[in-house]
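Numbers here simply count residues along the sequence, with the first being 1. Computed from heavy atoms alone, side chains included, the values below leave out hydrogens, waters and symmetry copies.
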Amino acid sequence: MKEFKGRIVASGTVTAKALVSHGGLNTLASFQKALQFGDKKATCGDQNNPNLYGKQMAGKALCLPTTIGSTTGGLVLYCACSMNRQPACMLFSEPIDSLAAAGAILADVWLDNVQMPVIDSLGEEFLEYVKDDMNITVKEDGTVVVE
């Protein structure tokens, strides 16, 4: 077991299985099937991300360095939350980009009964340590416990 402390972007507590990407998350490419074609498991459709492609993102502790790509990133995250197809949490080793942060924060503020804690700046060691299917617990104070 190891603990990491990061910056809270969207608060909350959750426990979920890790899904790890060592490349950036292209939000639009990754969530397109979930948003346009009714994929309730939010299977990653980004063929340029071999760590995530074809894997279920909904309900997982999504562990990654950062987001990349389109200016629609915030809207995509907000829509995934509004359709209940969001990851259980998003955990970034680096600082989150402002557009993705905006989507996570708006979902947290505007949507009732939807939770997707987002913690960033967890550090490079976090991403080196965590592996797929490890148990992740996010605490209210921004502590992330990896088991």
Side-chain angles (χ1 to χ4, degrees), residues 4-124 126-127 130-146:
F4 300 88
K5 181 77 170 178
R7 179 178 66 162
I8 300 167
V9 177
S11 64
T13 60
V14 70
T15 299
K17 295 284 186 188
L19 179 59
V20 180
S21 174
H22 294 281
L25 177 75
N26 181 321
T27 53
L28 181 59
S30 297
F31 283 97
Q32 190 167 12
K33 289 179 184 179
L35 303 183
Q36 290 184 311
F37 305 112
D39 175 15
K40 293 180 181 178
K41 293 180 179 182
T43 305
C44 181
D46 183 3
Q47 297 178 6
N48 294 317
N49 190 327
N51 298 134
L52 298 181
Y53 181 66
K55 295 180 182 176
Q56 176 181 334
M57 296 182 297
K60 299 290 185 172
L62 196 53
C63 306
L64 45 123
T66 189
T67 54
I68 58 172
S70 172
T71 56
T72 63
L75 178 61
V76 168
L77 292 178
Y78 175 82
C79 289
C81 290
S82 72
M83 298 171 79
N84 200 30
R85 295 180 179 149
Q86 75 276 15
C89 59
M90 295 182 77
L91 307 172
F92 295 91
S93 61
E94 300 174 14
I96 190 173
D97 75 272
S98 59
L99 296 171
I105 292 166
L106 290 175
D108 185 45
V109 172
W110 287 353
L111 298 174
D112 294 327
N113 302 317
V114 172
Q115 178 177 280
M116 183 181 70
V118 177
I119 309 295
D120 77 348
S121 302
L122 288 163
E124 197 173 304
F126 165 74
L127 209 52
V130 68
K131 306 288 183 250
D132 282 352
D133 295 319
M134 291 178 95
N135 288 317
I136 304 283
T137 299
V138 176
K139 297 182 179 181
E140 194 72 37
D141 68 353
T143 300
V144 175
V145 180
V146 182

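Using a 4.5 Å cut-off on side-chain heavy atoms (C-beta onward), V144 and K5 make no contact. Looking at I96 and T66, their side chains never come closer than 4.5 Å, going by heavy atoms from C-beta outward. Looking at I136 and L91, their side chains come closer than 4.5 Å, going by heavy atoms from C-beta outward. The shortest side-chain heavy-atom distance between L127 and F92 does not fall under the 4.5 Å cut-off. You'll find the side chain of C81 reaches within 4.5 Å of the side chain of M116, heavy atoms only.
Annotation: side chain to side chain donor-acceptor pair (under 3.5 Å) contacts of T43 (sequence neighbours excluded): D39. S82 meets the side chain to side chain donor-acceptor pair (under 3.5 Å) test with no other residue; sequence neighbours excluded. Checked against ring-ring contact (aromatic ring centres under 6.0 Å, His included), F126 has the following partners two or more places apart in sequence or in another chain: F4. Q32 is linked by a side-chain contact (heavy atoms from CB on, under 4.5 Å) to Q36, counting only residues two or more places apart in sequence or in another chain. A search for side chain to side chain donor-acceptor pair (under 3.5 Å) contacts involving N51 returns nothing, not counting sequence neighbours. By the side chain to side chain donor-acceptor pair (under 3.5 Å) test, T15 pairs with T137, sequence neighbours left out. Qualifying salt bridge (Lys or Arg N to Asp or Glu O under 4.0 Å) partners for K17, counting only residues two or more places apart in sequence or in other chains: none. In terms of the salt bridge (Lys or Arg N to Asp or Glu O under 4.0 Å) criterion, D133 has no residue partners (sequence neighbours excluded). Residues satisfying the side-chain contact (heavy atoms from CB on, under 4.5 Å) criterion with K40, sequence neighbours excluded, are R85. The salt bridge (Lys or Arg N to Asp or Glu O under 4.0 Å) check on D120 picks up R7, with sequence neighbours excluded.
Closest approach of L35 and M83 over heavy atoms only: CD2-SD, 3.6 Å. Between D141 and I8, the closest heavy-atom pair is C-CD1, 3.6 Å. In terms of heavy-atom proximity, A61 sits nearest to A16 at N-CB, 3.9 Å. Residues A100 and L77 come closest through the heavy atom pair O-CD1, 3.6 Å. Residues C63 and A18 approach most closely at SG-CB, 4.2 Å, considering heavy atoms. Across every non-hydrogen atom of Q56 and L19, the tightest pair is O-CD2, 3.3 Å.
Separating the OG1 atom in T72 from the CG atom in L75 is a distance of 6.5 Å, to the nearest 0.5 Å. Atom CG of N49 is separated from atom OG of S21 by 3.5 Å, given to the nearest 0.5 angstrom. Taking CG from L52 and CG from N48, the interatomic distance works out to 12.0 Å, rounded to the nearest 0.5 Å. For the atom pair M57 CE and K41 NZ, the distance stands at 13.0 Å (nearest 0.5 Å).
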V138 and T13: CA distance, side-chain angles, deciding distance, side chain to side chain contact (heavy atoms under 4.5 Å, CB included) verdict:
CA-CA 5 Å; V138 176; T13 60; 5.9 Å; no

Using atom types as modelled, flag every donor-acceptor pair under 3.5 Å from a side chain in residues 22-31 to any protein atom, sequence neighbours excluded.
unit_1, atom_1, unit_2, atom_2, d
N26, OD1, L28, N, 3.3
N26, OD1, A29, N, 3.0
S30, OG, N26, O, 2.8

Listed pairs under 3.5 Å, donor-acceptor, residues 102-113 side chains, sequence neighbours left out:
none

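Counted within 6.0 Å of NZ on K55, heavy atoms from surrounding residues, nucleotides or ligands total more than 12; the atom is thus considered enclosed.
Panel note: side chain E140, backbone S11; no donor-acceptor pair is recorded below 3.5 Å.
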